[in-house]
Amino acid sequence: MQEINQGYKTEEIKFLHFRMDGLILFPYMSEQRVKDLTKFATKPGDVFIVTYPKSGTVWMTQIIKEIFNPVMPEGLEEEDIIGGRVPFLEEANLAQLDRYQYPRYIYSHLSYSLIPYNSEQELKYIFIARNPRDVAVSYFHFMRALKELDWDGTWEEYFQYFLKGTVPYGSYFDHILEWWENKDQRNLLFIKYEDMKKDLESHVKKVANFLGENLSSQEVKRVSEACNFSNMKADPRTNNDRYHDKIYKQESKFSFMRKGVVGDWQNYFSEEQLEEFNKLYTSRMVSTGLDFEFIA
């Protein structure tokens with residue numbers, strides 16, 4: 001675990017945060033840390049699983065674990081590093097990451113322009129995109145529960161943060177569209193969360209093939225069953241509840257794997273908020289070719 005930068009609050013942003021060049025990040029980040037991450041020493045074969053927060057990160061990392069069974073470096077336990085066998089880049093001790101066996105599977109929420117890159121190496125990136133209405137709701141609950149943000153604001157307050165992009169990792173639209181613009185790169189697999197919900201088996205196979213593994217139909221079924229949301233939520237090895245007391249407020253009953261459904265936003269958006277959101281969504285997504293299903 002890295003030394004924590006305490007962050008600060010402002011009248012505009014009432015949760016603890018760090019700001020760099022206009023980008024809002026979690027309090028544990030710093031300008032030096034961002035520079036260190038952009039210079040992260042990649043190795044040939046590294047695989048980065050990337051999302052905007054609350055977009056299926058743990059789901060995809062569990063698929064990776066089930067297919068490839070990566071191991072912890074000698075002397076380290078899964079609880080020693082967030083993500084364990086598939087570590088979280090932004091919070092990881094970079095010296096510890098250097099000890100992971102090839103190929104390394106690492107997850108991140110960094111933008112396309114900040115993610116580690118080396119044109120001379122065969123690196124691969126899997127990006128999972130989730131519809132922004134459900135992302136907003138899931139991120140709201142997550143931010144309220146986190147100790148480090150010291151925030152218990154309302155949905156109405158958070159909704160404006162999300163529209164303005166003044167949440168950790170910045171604008172949803174800036175983040176996701178930068179990855180979408182590069183979707184045709186041969187080393188990038190762009191997947192939608194909603195498509196995974198509809199047909200997990202085909203996406204398990206797609207991920208395996210992208211990473212050079214040809215799974216049998218029996219293996220595809222086994223991985224898909226293990227990575228079914230309800231099974232993962234009930235399994236203490238996959239639901240991240242073991243980190244609860246370390247990460248979340250004592251009084252919080254938050255579960256990292258909360259619902260995992262398509263359409264929960266309907267329980268939160270007022271008619272006025274939906275109208276305001278749709279104006280922004282249309283202005284940012286028009287002519288991009290990227291769209292989402294908002295209801296299952």
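Using modelled atom types, no side-chain atom of Tyr112 and backbone atom of Glu181 make a donor-acceptor pair closer than 3.5 Å. Checking side-chain atoms of Asp134 against main-chain N and O of Asp264 turns up a donor-acceptor pair under 3.5 Å. Ser55 contributes no side-chain N or O that, together with a main-chain N or O of Thr51, makes up a donor-acceptor pair within less than 3.5 Å. At distances below 3.5 Å, not a single donor-acceptor pair connects side-chain atoms of Lys54 with backbone N or O atoms of Val137. In this structure, Tyr125 contributes its side chain and Trp179 its backbone to no donor-acceptor pair below 3.5 Å. Formation of a donor-acceptor pair under 3.5 Å by the Asp195 side chain with backbone atoms of Lys192 is not found in this model. In this structure, Arg104 contributes its side chain and Val47 its backbone to no donor-acceptor pair below 3.5 Å. Under the 3.5 Å distance criterion, the side-chain polar atoms of Arg144 are matched with a main-chain donor or acceptor of Gly153.
Seen from the ring of Trp59, Lys197 counts as a face-on cation partner, given the 6.0 Å and 45° thresholds.
Counting only residues at least two apart or on different chains, the side-chain hydrogen bond (donor to acceptor under 3.5 Å, both in side chains) pairs with a member in residues 163-173 are Glu90-Tyr169. Annotation: salt bridge (charged side-chain N to carboxylate O under 4.0 Å, His left out) contacts involving residues 114-124, sequence neighbours excluded, comprise Glu122-Arg186.
Ring orientation note: the planes of Tyr161 and Trp151 are tilted relative to one another, at an angle of 30° to 60°. Between Phe88 and Tyr28, the two ring planes are perpendicular [angle over 60°; tilted spans 30° to 60°].
Counting heavy atoms from C-beta on, the side chains of Tyr52 and Val135 come closer than 4.5 Å. The shortest distance between side-chain heavy atoms of Leu110 and Thr38 does not fall below 4.5 Å. Side-chain contact between Ile128 and Ile49 is present, with heavy atoms from C-beta onward closer than 4.5 Å. A 4.5 Å side-chain heavy-atom check between Tyr107 and Pro87 finds every atom pair outside the cut-off. Using a 4.5 Å heavy-atom threshold, the side chains of Leu89 and Leu37 count as touching. Annotation: side chain of Leu200 is in contact with side chain of Ile63 (closest heavy-atom distance under 4.5 Å). Between Ser108 and Ile115, the closest side-chain pair of non-hydrogen atoms falls below 4.5 Å. Looking at heavy atoms from C-beta onward, Val34 lies out of side-chain contact with Glu31 at the 4.5 angstrom threshold.
Remark: Lys279 NZ to Leu163 CG distance equals 11.5 Å, nearest 0.5 Å. We find the CZ-CD1 distance between Arg222 and Ile67 to be 8.5 Å, quoted to the nearest 0.5 Å. Rounding to the nearest 0.5 angstrom, the gap separating the OG atom in Ser30 from the CG atom in Leu25 is 9.5 Å. Considering OG of Ser111 and CG of Asp174, their distance stands at 9.5 Å, rounded to 0.5 Å. Once rounded to the nearest 0.5 Å, the distance linking OG1 of Thr288 with CZ of Phe173 reads 10.0 Å. Taking CZ from Arg85 and CE from Met72, the interatomic distance works out to 9.0 Å, rounded to the nearest 0.5 Å.
Residues Asn182 and Glu178 bring no donor and acceptor atom of their side chains to less than 3.5 Å of each other. In this structure, a donor-acceptor pair under 3.5 Å is absent between the side chains of Tyr193 and His203. In this structure, a donor-acceptor pair under 3.5 Å is present between the side chains of Thr42 and Gln121. Checked by atom type, the side-chain pair Glu293/Asn131 shows no donor-acceptor distance below 3.5 Å.
Ring to ring, His17 and Tyr8 are close: their centroids are under 6.0 angstrom apart. For Tyr105 and Phe68, the distance between ring centers is under 6.0 angstrom.
Applying the 6.0 Å contact sphere to NZ of Lys14 captures no more than 12 heavy atoms from other residues, nucleotides or ligands. More than 12 heavy atoms of other residues, nucleotides or ligands lie within 6.0 Å of NZ in Lys9, so this atom counts as buried by the packing criterion. In Gln101, the CD atom is not crowded: 12 or fewer heavy atoms of neighbouring residues, nucleotides or ligands sit closer than 6.0 Å.
Criterion: ILVMFWY side-chain heavy atoms under 4.5 Å apart, direct or through other members. Under it, Ile106 and Val71 are not part of a common hydrophobic cluster.
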Walk me through it: do Asp36 and Gln32 pass the test side-chain hydrogen bond (donor to acceptor under 3.5 Å, both in side chains)?
-> CA-CA 6 Å; Asp36 290 344; Gln32 185 58 52; 2.8 Å; yes
Might you work through the side-chain hydrogen bond (donor to acceptor under 3.5 Å, both in side chains) test for Glu66 and Gln62, ending with a clear yes or no?
-> CA-CA 6 Å; Glu66 290 290 339; Gln62 188 60 31; 3.2 Å; yes
Residue pair Glu194, Arg130: steps toward the side-chain contact (heavy atoms from CB on, under 4.5 Å) verdict = CA-CA 7 Å; Glu194 292 75 20; Arg130 187 182 187 186; 3.6 Å; yes
List the steps and the verdict of side-chain contact (heavy atoms from CB on, under 4.5 Å) for Leu290 and Met285.
-> CA-CA 7 Å; Leu290 176 62; Met285 304 296 280; 3.7 Å; yes
Criterion side-chain contact (heavy atoms from CB on, under 4.5 Å) on Phe26 and Glu148, from CA distance to verdict | CA-CA 8 Å; Phe26 281 105; Glu148 65 180 304; 4.2 Å; yes
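Each of Gln273, Arg133, His141 was checked for a side-chain hydrogen bond (donor to acceptor under 3.5 Å, both in side chains) with Tyr268, and the lone residue meeting it is His141.
Checked against ring pair (Phe, Tyr, Trp, His ring centres under 6.0 Å), Phe269 has the following partners two or more places apart in sequence or in another chain: Trp155, Phe159, Trp265, Phe277. With sequence neighbours left out, Ser202 forms a side chain to side chain donor-acceptor pair (under 3.5 Å) with Asp199. Every residue two or more places apart in sequence or in another chain that forms a ring pair (Phe, Tyr, Trp, His ring centres under 6.0 Å) with Phe190 is listed here: Phe127, Trp180. Remark: Ser216 pairs with Gln218, Glu219 by the side chain to side chain contact (heavy atoms under 4.5 Å, CB included) rule, at least two apart or across chains.
Taking both residues in full, the closest heavy atoms of Tyr100 and Gly84 are given as OH-O, 2.7 Å, listed atom of the first, atom of the second, then distance. Counting all heavy atoms, side chain and backbone alike, Pro70 lies closest to Val86 at CG-CG2, 4.2 Å. The shortest non-hydrogen separation linking Asp150 to Leu16 is CB-CD1, 3.9 Å. Here the closest heavy-atom approach between residue Phe292 and residue Ile176 is recorded as CZ-CD1, 3.7 Å. Minimum interatomic distance between Glu78 and Gly83 (heavy atoms only, all atoms of both residues): OE1-O, 4.3 Å. Across all non-hydrogen atoms, the minimal contact from Pro116 to Leu123 is O-CD1, 4.5 Å.
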